[in-house]
Amino acid sequence: MGHGGLPRTADVVVVGAGSAGCVLAERLSRDPARSVLLLERGPARWPSDAVRDLRTLPITADSGYAVQHPEATGLGVVRGSGFGGSSAVNGGYFLRWHPDDFADWPTGWGLDEVTTAYDELDRPGGTMGVSAFGDDELSDAARRFEDYWGQWMPIRPPDDPWPIVGVNRVRSNRAGMLRMTAAEAYLRPAARRPNLVIRAAEQVDAVVASGRIVSGVRLGDDVVDCGEVVLCAGTLGTAAILLRSGLDTAIGGDVLTVAEHREVLVHYRTRASGSRTALLQSVVHTQDDLEIRCYSADLADYIDGLVPVGPAVGVAAMRPGTPGTVRLGATGAEVDLGAVAADVADRMANGVAAVVEMLGSSEFGDLVDERSVTVDPVIRTSQHAWGSMPMGSRTDPQGAVEGVRGLRIVDGSILPAPGRSGPHATVMMAACRIGDLLTSAR
Ligand SMILES: Cc1cc2nc3c(=O)[nH]c(=O)nc-3n(C[C@H](O)[C@H](O)[C@H](O)COP(=O)(O)OP(=O)(O)OC[C@H]3O[C@@H](n4cnc5c(N)ncnc54)[C@H](O)[C@@H]3O)c2cc1C
């Protein structure tokens, strides 16, 4: 034993107990003959009901369940930390991508395979407890939002799992008003397996590589030897590990590119108070690849420390143009989300204009204080960063790093193309499928 009682060896080391890592740890430890060591940097306690409550986002640094990454322009870029990773602190929106978003995925990711993997997660009775918010659960704002857009756009039937260009009632991974985290769904049921060792408060610095052969992970002065490392540390955590590991040419240099759904917020003031509910219950997907998000209330009601500025409607570009970058800084991954391409900015401006018009409409008339609508001048982040090691180029269709033996990545890093919904369901879908392929290959 080394570092706080770490095993010295394992067949597989999984780094990160987040959305994907919990799935991989569960899948790989199904075979009792395979020893699996799961290393997580966050705290060694299961997120409590207060953390998992969908009516709050515990993402400030002092929550103990989130890490802030520096961003070049000062935007707060945050990631979950601890059992469940970002699934324990996120918005609880769990929509599939659109079927045609998979057109550019590599071989082996046809719609049949993708559907089977999504089904495990989000079918009725599926692992993630997914259900659409009911009519009786909708915030006042979400109800008006659907009435407004439903006048000229189709409305997806609530039990259809595939989103449409039109009005999409949010499907949420939940048990009542608690987030169903990846840890609750996958890790807790497997936690007592004798061949699965779970260690929290253990931050992996780098993989141990000799040339293009990876043989373990390094934590401070300690090394754990293994046959394969599976990096599930999230797009930014995995980038930091790769950049510290001396694999420069295999991963494309010392700067990785990263994609993000940039978002503009339109705020308004309201006298209505309404009961607290989940942050996001209804979105519109437009023909020109925008997601218009009707937030239920002021973001300050959900996130400690924010200055109240009124409820918001977000306009997010779901097919971003120019990518951002991730490089290694003194404290880990440093992000530069970059400039928004001119054509994307134009589309976002059109979306913002449509939202301003909506907030002045009769549907919103008595909810929105007159002359209170303001457009936030900053183009923000959705906290979705993905695609730094895409399958089909830097990694193979099962996440193995091209040209490197013993190293696989299964998390948001490997999503190979943009999707028109948030990434959570799709990161987990990819983890389920790769987990199946690895299990059946043995
Ligand atoms: C605040 C917030 C809100 C979001 N809301 C939504 C939403 O509503 N819908 C949606 O679709 N998407 C949402 N997302 C995005 C979604 O949650 C993520 O895309 C998804 O959870 C990513 O999964 P992952 O497995 O790649 O990484 P994560 O779930 O972030 O897991 C990475 C894990 O690795 C651990 N780790 C990192 N580095 C190390 C290291 N060096 N050593 C050991 N462990 C390490 C971390 O602590 C973490 O537990 C949101 C994200 C955030 C942060």
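Because only heavy atoms are used, hydrogens play no part in the values below, and waters and symmetry mates are left out as well, while side chains stay in. When a ligand or atom number is given, it counts from 1 through the structure's own listing order.
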Pair S81-R41, side-chain donor/acceptor within less than 3.5 Å: yes
Closest to atom 32 (C) of ligand 1 (judged by heavy-atom distance), picking from G332, A431, A233, G412: A233
V78, any N or O under 3.5 Å of ligand 1 N or O: no
Partner of Y118 under ring pair (Phe, Tyr, Trp, His ring centres under 6.0 Å), chosen from F94, W97, W162: W162
Per-atom contacts of ligand 1 with I59, taking only distances under 4.0 Å to non-hydrogen atoms: 1 (C)
Heavy atom of the protein closest to atom 41 (N) of ligand 1 (residue, atom name, distance): V204 O, 2.8 Å
Student check: side-chain heavy atoms of E334 and L328 closer than 4.5 Å: no
A183, A206, P423: member with heavy atom nearest to atom 19 (O) of ligand 1: P423
Minimum-distance protein heavy atom relative to atom 51 (C) of ligand 1: Q383 O, 3.2 Å
Contact check, E202 vs ligand 1, heavy-atom distance below 4.0 Å: yes
Nearest neighbour in protein (non-hydrogen) for atom 44 (N) of ligand 1: R41 N, 3.1 Å
Which of the ligand 1 atoms, numbered from 1, are nearer than 4.0 Å to a heavy atom of G82: 47 (O), 49 (O)
Nearest non-hydrogen partners of A185 and M128, listed with the distance: CB-SD, 3.6 Å
Nitrogen or oxygen atoms of S86 and ligand 1 under 3.5 Å apart: yes
Top protein contact for atom 11 (O) of ligand 1, by heavy-atom distance: H424 N, 2.8 Å
Any N or O of S19 closer than 3.5 Å to N or O of ligand 1: yes
R327 side chain reached by D254 side chain, heavy atoms, under 4.5 Å: no
D304 side chain to T60 side chain, donor-acceptor N/O pair below 3.5 angstrom: no
Atom 4 (C) of ligand 1 - nearest protein heavy atom and its distance: N90 CB, 3.1 Å
